[in-house]
Protein chains: 2
Amino acid sequence: MREAEPRAAAPLVGLAAAILAATLDEPRVLTVPVAGQPEGRGEGLPAGPLEPAHPTLERGLRAWVERQTGQSLGYVEQLYTFGDRNRRPGGEGAGGKGNGGQHALSVAYLALVREARPAADSAWQSWYRYFPYEDRRAGRPPSLDALTARLEAWAEAAPNPEERRRRGDRIGLTFGAAGSGWNEERVLERYELLFEAGLVPEAGAPDSLAGQAMAVDHRRMLATALGRLRGKIKYRPVVFELMPPVFTLGQLQRVVEALSGILLHKQNFRRLVAQQGLVEETDAVTAETGGRPARLMRFRREVLLERPAPGLRLPSSRAG
Amino acid sequence: MREAEPRAAAPLVGLAAAILAATLDEPRVLTVPVAGQPEGRGEGLPAGPLEPAHPTLERGLRAWVERQTGQSLGYVEQLYTFGDRNRRPGGEGAGGKGNGGQHALSVAYLALVREARPAADSAWQSWYRYFPYEDRRAGRPPSLDALTARLEAWAEAAPNPEERRRRGDRIGLTFGAAGSGWNEERVLERYELLFEAGLVPEAGAPDSLAGQAMAVDHRRMLATALGRLRGKIKYRPVVFELMPPVFTLGQLQRVVEALSGILLHKQNFRRLVAQQGLVEETDAVTAETGGRPARLMRFRREVLLERPAPGLRLPSSRAG
DNA sequence: CGGGTAAATGCTCATTTTGAGCATATATCG
DNA sequence: CGATATATGCTCAAAATGAGCATTTACCCG
């Protein structure tokens, strides 16, 4: 027999939010400056400690975000609770925590918003600033060559053949060398691999070939958020949380491409959206798109009641 | 500017595990007795507070589970961090926490194991003991009629037409009245709906038509675990964590059916498993299955390196 | 004003992937 | 031996997917 309620352990609990938006074909994340960080790691996610006054975790998060950025959140979803900052096999870990063996947890959230008015000293950044190799819309990013070369070197430097094979397998699996190609959802696995290989500033790398660093473990949280969002748009109509009330199919496609980092076949994309019943026509068109005027569409909320898994199953294709 | 590290908030942090297995065609969960609970809620999941001595959250969890049940864990995955036990709109909530405004978090995990030897005072229970309406292998469970009748009554009793419609929509969406049929992944949504409708003992219901209750919010955790597992088997080969080293395709199918709660078309199931390259033949057969002897198969680990999303996309069908 | 360019749309077609079933093989049981 | 039960092989039609071709309708440029 044991007690139903855990006894006191009194760890520190923080709340952090990866607040994502998509404006002008570019996926964005809301960042704030963070004091007391090493050179080049002064950017971070809005975050703050859980306080007794917070009625719930999520309400506490919203409070912190509003206080720090002025942004009010719509769609919010819990991502993961990070607990052990020094767990990385590489040892290094992120900034030490001088609280004598006390745990420092951080409950990370994903939030999707429409508006993009940077308030206070917060700023919207393209999320490919932090993960440049994740953007394949213009083809395989050139920086990937240098990156994978370093990864291969790291694999070669493994202490034993067993470990060398394991590392090689992971590289192939996450960066797509093996039979499988690129899987856009494995954002976190790629970041963790780069971390373990010591190729990110957070793990002691001297340069930021693998992207701009962030404070503490915030880049890990952001990677988790991107991976989750990239997966989720396939079976839930969450993209529409990022879209304005009316939009063209072309705009919708460019947002999806921006999020997933890959290009899609235009005609098939519209067919998919149409047959899923995700949108409906308005009687307006817009000529702002460049060529023939496009019809403005709106999200059909009813689809939530109709289909079991409404989303945009992205194909693997790439086309124009 | 703000501090990188959250200031002290000192909430209580607990760890809990939904440890699942599948033996003899029945999906199981490992439970322990919990003291100090109301009548009928003395069953719970292995759990304990996070302690400073725990190197990581997951290690802390493993330690508690071994101490309480003797079971050592293989596959472990974080599920969700529950923070606010009294958040339910219904007010009631689960057992009060007498710690003066202090938060009590609980980080819940999903674990998959093979062996099923109940140690100490822990016990393996069919998980349909807690969610009888989730088992549709023998067709639509009769108890569902009574349950949905009560749900409908609850919807009718809504304070206003707006809310009534909302409740009706949710019932249709989760229990499958609308165009969409039954979605086996919505375990948590169904439980939460029943909770809000006051139909589970945790929310004050006098009977357990909606299944056996559990201590504090453990049934919510279990529901989260089942939903996650049911979803995950479709795109990751996690079922094999539950299977013995060699097995027949029939056994594999029955385990998948037990987990998902629905029956599958046998020939199509084998075709799927085969063409996904998930298993390979051994040169042994077994005659223990009743009819013609079946070939024993084993999981092909290499598939993890080959396919992007190896899993068992369950069809919606039901057949023999 | 006519041609060039850029989307937006409409449709077609070959492949794959599903969902369902029929038919056959090979044990055990009474 | 015949009934029964599960394992396995194969077929077929319908639906979903991946790739393109062809048209429509703006705007821009000279």
Side-chain angles (χ1 to χ4, degrees), chain A residues 24-25 137 181-182 234-235 246-257 260 262-297 307-320, chain B residues 24-25 137 181-182 234-235 246-257 260 262-297 307-320:
Chain A
L24 302 177
D25 297 6
R137 286 175 296 173
W182 177 262
K234 293 177 188 167
Y235 60 95
V246 298
F247 48 84
T248 71
L249 290 178
Q251 289 165 345
L252 180 63
Q253 180 176 354
R254 276 191 301 282
V255 167
V256 172
E257 289 174 338
S260 60
I262 55 179
L263 295 183
L264 305 173
H265 182 284
K266 180 156 42 169
Q267 297 93 320
N268 290 350
F269 178 81
R270 346 179 101 239
R271 176 176 61 185
L272 184 66
V273 173
Q275 82 185 14
Q276 294 256 103
L278 289 170
V279 300
E280 63 192 358
E281 297 187 348
T282 68
D283 37 2
V285 294
T286 175
E288 291 167 2
T289 54
R292 168 175 168 178
R295 182 156 300 277
L296 287 170
M297 316 292 278
R307 301 188 53 94
L312 296 167
R313 281 164 274 145
L314 319 182
S316 52
S317 81
R318 353 187 20 274
Chain B
L24 302 177
D25 297 7
R137 287 174 297 173
W182 177 261
K234 294 177 189 167
Y235 59 94
V246 298
F247 47 84
T248 71
L249 290 178
Q251 289 165 344
L252 180 63
Q253 181 176 353
R254 274 191 301 280
V255 167
V256 171
E257 289 174 336
S260 60
I262 55 180
L263 295 183
L264 306 172
H265 182 284
K266 179 156 42 171
Q267 297 92 320
N268 290 351
F269 178 81
R270 350 179 98 237
R271 175 176 64 187
L272 184 66
V273 173
Q275 82 184 17
Q276 294 257 102
L278 289 170
V279 300
E280 63 193 358
E281 297 186 349
T282 68
D283 37 1
V285 294
T286 174
E288 292 167 1
T289 55
R292 168 176 168 177
R295 183 157 298 278
L296 287 170
M297 317 292 279
R307 300 188 55 96
L312 296 165
R313 281 164 276 146
L314 321 182
S316 50
S317 80
R318 2 189 9 279

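By convention in this document, chain letters (A, B, ...) are assigned in the order of the sequence lines, proteins followed by strands, and residues within each chain are numbered from 1.
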**Student:** What integer distance in Å separates B:H265:NE2 from C:dT17:P?
**Tutor:**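 That distance rounds to 18 Å.
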
**Student:** Checking the side chain of A:Q276 only, and the main-chain atoms of A:V273 only, is there a donor and an acceptor separated by less than 3.5 Å?
**Tutor:**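 No.
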
**Student:** Tell me: CG of B:L249 to P of C:dA25, nearest whole Å?
**Tutor:**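 The answer, rounded to whole Å, is 20 Å.
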
**Student:** Base, sugar-phosphate, or nothing: which does A:R271 touch, judged by heavy atoms less than 4.0 Å apart?
**Tutor:**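 The residue A:R271 makes base contact.
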
**Student:** For the backbone of A:L264 and the side chain of A:E257, can you confirm whether one donor and one acceptor N or O come within less than 3.5 Å of each other?
**Tutor:**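 Yes, the answer is positive, given that a donor and an acceptor are paired below the 3.5 Å cut-off.
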
**Student:** Please tell me if A:R270 has a side-chain N or O lying less than 4.0 Å from either OP1 or OP2 of C:dT9.
**Tutor:**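 Answer yes for this pair, as a side-chain N or O of A:R270 is under 4.0 Å from OP1 or OP2.
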
**Student:** Are the side chain of A:Q275 and the backbone of A:L272 linked by a donor-acceptor contact shorter than 3.5 Å?
**Tutor:**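 Judged by distance alone, no pair lies under 3.5 Å.
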
**Student:** What's the CG-P distance between B:N268 and D:dT11, to the nearest Å?
**Tutor:**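 That distance rounds to 15 Å.
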
**Student:** Does A:K266 put a side-chain nitrogen or oxygen below 4.0 Å from OP1 or OP2 of C:dA8?
**Tutor:**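 Answer is yes, contact under 4.0 Å.
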
**Student:** Looking only at side-chain N and O atoms, does B:R292 come under 4.0 Å of OP1 or OP2 in C:dA25?
**Tutor:**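 Checking C:dA25 against B:R292, no side-chain N or O comes under 4.0 Å of OP1 or OP2.
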
**Student:** Tell me: CD of A:Q267 to C1' of C:dC13, nearest whole Å?
**Tutor:**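 From A:Q267 CD to C:dC13 C1': 14 Å.
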
**Student:** Looking only at heavy atoms, what is the nearest atom pair of B:R295 and B:V285, with distance?
**Tutor:**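 Heavy-atom minimum between the residues: CA-CG1, 3.8 Å.
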
**Student:** Closest to the A:A294 side chain: C:dC11, C:dA20, C:dA8?
**Tutor:**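 Nucleotide nearest to A:A294's side chain: C:dA8.
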
**Student:** I want to confirm an ordering. Mapping A:G291 and A:E281 to their closest nucleotides on DNA chain C, which one lands closer to the 5' end?
**Tutor:**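 Final value for this comparison: A:G291.
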
**Student:** Could you tell me how far apart B:Q251 (CD) and D:dT8 (P) are, to the nearest whole angstrom?
**Tutor:**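 After rounding, the reported distance stands at 11 Å.
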
**Student:** Distance check needed: C:dA8 P versus A:F269 CZ, whole Å only.
**Tutor:**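 The distance from CZ of A:F269 to P of C:dA8 comes to 11 Å, rounded to the nearest Å.
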
**Student:** What closest approach, in Å, do A:V279 and A:M297 show between heavy atoms, and which atom pair accounts for it?
**Tutor:**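 Closest approach of A:V279 to A:M297, heavy atoms only: CG2-CE, 3.5 Å.
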
**Student:** Could you check how far CG of B:L272 sits from C1' of C:dA20, rounded to whole Å?
**Tutor:**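 Whole-Å distance recorded here is 15 Å.
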
**Student:** Rounded to whole angstrom units, what separation is found between the CD atom of B:Q276 and the P atom of C:dT16?
**Tutor:**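 Atom-to-atom, B:Q276 to C:dT16, this comes out as 16 Å.
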
